[in-house]
Amino acid sequence: MMHVAEVVAQGYRYPHETAAEALDSAIEAGAHGAVERHMRKFLAEVNKLSLGEWEELHTSTLDLSPQFVPYVGHVAWGENYRRGEFMADLKRSMRDAGVDLGGELPDHIEPILRYLAASSEPMSDLVEALPGAVATMCETLATASKKNPYRHLLAATEVLTADLAPVMISGRGAKQ
């Protein structure tokens, strides 16, 4: 059985020829309840796209001038020293848990989800910041594009992280 956080993380990976089939298998192996429903909606919508269209959507949503910022530390603390400390600590914790960053910064949502799947005791700063950061990402994408399939992936992420200790995030700074 696949950990549900790993299932959701697969949705954030750059699409390839067999990405939809791999994601479908992953959902079958590890998602359930609301997470599964959101993941199935995401998959149904991206399955309507050609591979090239999905690649363009992925890039426009997550990479070049993203429709939401997929970096938890940036959403929580903006571009200041606190984000840098968070990323350094997270990188060490990910390395200790055997998580490969896959070319991403440590505070990118995809390796963070893989870290949650690999760690029995995730870093406390992450546990505190993640639910609020994901909620902010959801709001930002909903404002930018009400029809973007990634809204379903973010909804699955929000359900997954809802049990973690919430933190209120407003704009670029965390309020504790």
Side-chain angles (χ1 to χ4, degrees), residues 2-14 26 30-39 42 58 61-145 148-176:
M2 183 178 275
H3 190 285
V4 66
E6 180 64 38
V7 174
V8 177
Q10 281 195 22
Y12 289 100
R13 293 187 183 134
Y14 191 79
H32 55 279
V35 171
E36 180 181 11
R37 285 191 300 280
H38 290 300
M39 294 297 294
F42 171 72
H58 182 277
T61 303
L62 298 168
D63 294 331
L64 303 174
S65 301
Q67 293 180 8
F68 74 94
V69 178
Y71 298 96
V72 171
H74 178 78
V75 173
W77 298 287
E79 291 298 329
N80 67 37
Y81 77 94
R82 183 64 188 97
R83 179 184 182 209
E85 288 178 348
F86 173 73
M87 288 199 314
D89 292 344
L90 190 56
K91 186 175 181 177
R92 274 190 298 279
S93 293
M94 287 177 164
R95 183 183 59 237
D96 292 348
V99 175
D100 180 3
L101 292 173
E104 294 291 351
L105 292 174
D107 68 337
H108 188 279
I109 193 69
E110 191 263 333
I112 281 179
L113 291 170
R114 290 188 294 106
Y115 168 67
L116 289 177
S119 177
S120 60
E121 291 186 39
M123 218 175 82
S124 62
D125 282 354
L126 176 63
V127 169
E128 290 175 17
L130 188 57
V134 171
T136 299
M137 291 174 192
C138 288
E139 292 169 17
T140 303
L141 183 58
T143 300
S145 176
N148 188 317
Y150 281 89
R151 74 190 186 287
H152 300 299
L153 185 58
L154 276 171
T157 307
E158 190 170 33
V159 169
L160 173 68
T161 61
D163 290 336
L164 300 175
V167 101
M168 296 300 294
I169 295 182
S170 173
R172 296 168 81 66
K175 292 185 179 179
Q176 298 184 5

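It should be emphasised that the depicted structure is a prediction, and the values quoted were computed from it without experimental measurement.
- Between V99 and A118 the shortest heavy-atom distance is CG2-CB, 3.8 Å.
- Contact of the V69 side chain with the T136 side chain is not registered, since no non-hydrogen atoms from C-beta on lie closer than 4.5 Å.
- The shortest non-hydrogen separation linking A9 to E110 is O-CG, 3.3 Å.
- Nearest heavy-atom pair, Y115 versus S93, reported as atom, atom and distance to 0.1 Å: OH-CB, 3.5 Å.
- Between Q67 and N148 the shortest heavy-atom distance is OE1-ND2, 2.9 Å.
- Contact of the R82 side chain with the E85 side chain is registered, since non-hydrogen atoms from C-beta on lie closer than 4.5 Å.
- Aromatic ring orientation, H58 versus Y150: perpendicular (interplanar angle above 60°, classes split at 30° and 60°).
- Checking side-chain atoms of R114 against main-chain N and O of D100 turns up a donor-acceptor pair under 3.5 Å.
- Between W77 and F86, the ring planes lie tilted relative to each other; the angle falls in the 30° to 60° range.
- Across all non-hydrogen atoms, the minimal contact from L101 to P106 is CD2-CA, 3.6 Å.
- Counting only heavy atoms from C-beta outward, the side chains of L62 and F68 approach each other to under 4.5 Å.
- Between the NE2 atom of H108 and the CE atom of M87 there is a distance of 12.5 Å, given to the nearest 0.5 Å.
- Atom CE of M123 is separated from atom CG of D89 by 5.0 Å, given to the nearest 0.5 angstrom.
- Using a 4.5 Å heavy-atom cutoff, the side chains of V72 and L90 are not in contact.
- Paired with T157 under the rule side chain to side chain contact (heavy atoms under 4.5 Å, CB included), one option of V8, V35, L130 passes, and it is V8.
- A 4.5 Å side-chain heavy-atom check between L126 and M94 finds every atom pair outside the cut-off.
- Contact annotation: the side chain of L113 never approaches that of E6 to less than 4.5 Å [non-hydrogen atoms, C-beta and beyond].
- The shortest non-hydrogen separation linking H32 to G30 is ND1-O, 3.8 Å.
- Expressed to the nearest 0.5 Å, how far CZ of R37 lies from NE2 of H152 amounts to 13.0 Å.
- In this structure, NE2 on H38 lies 10.5 Å from CG on L153, to the nearest 0.5 angstrom.
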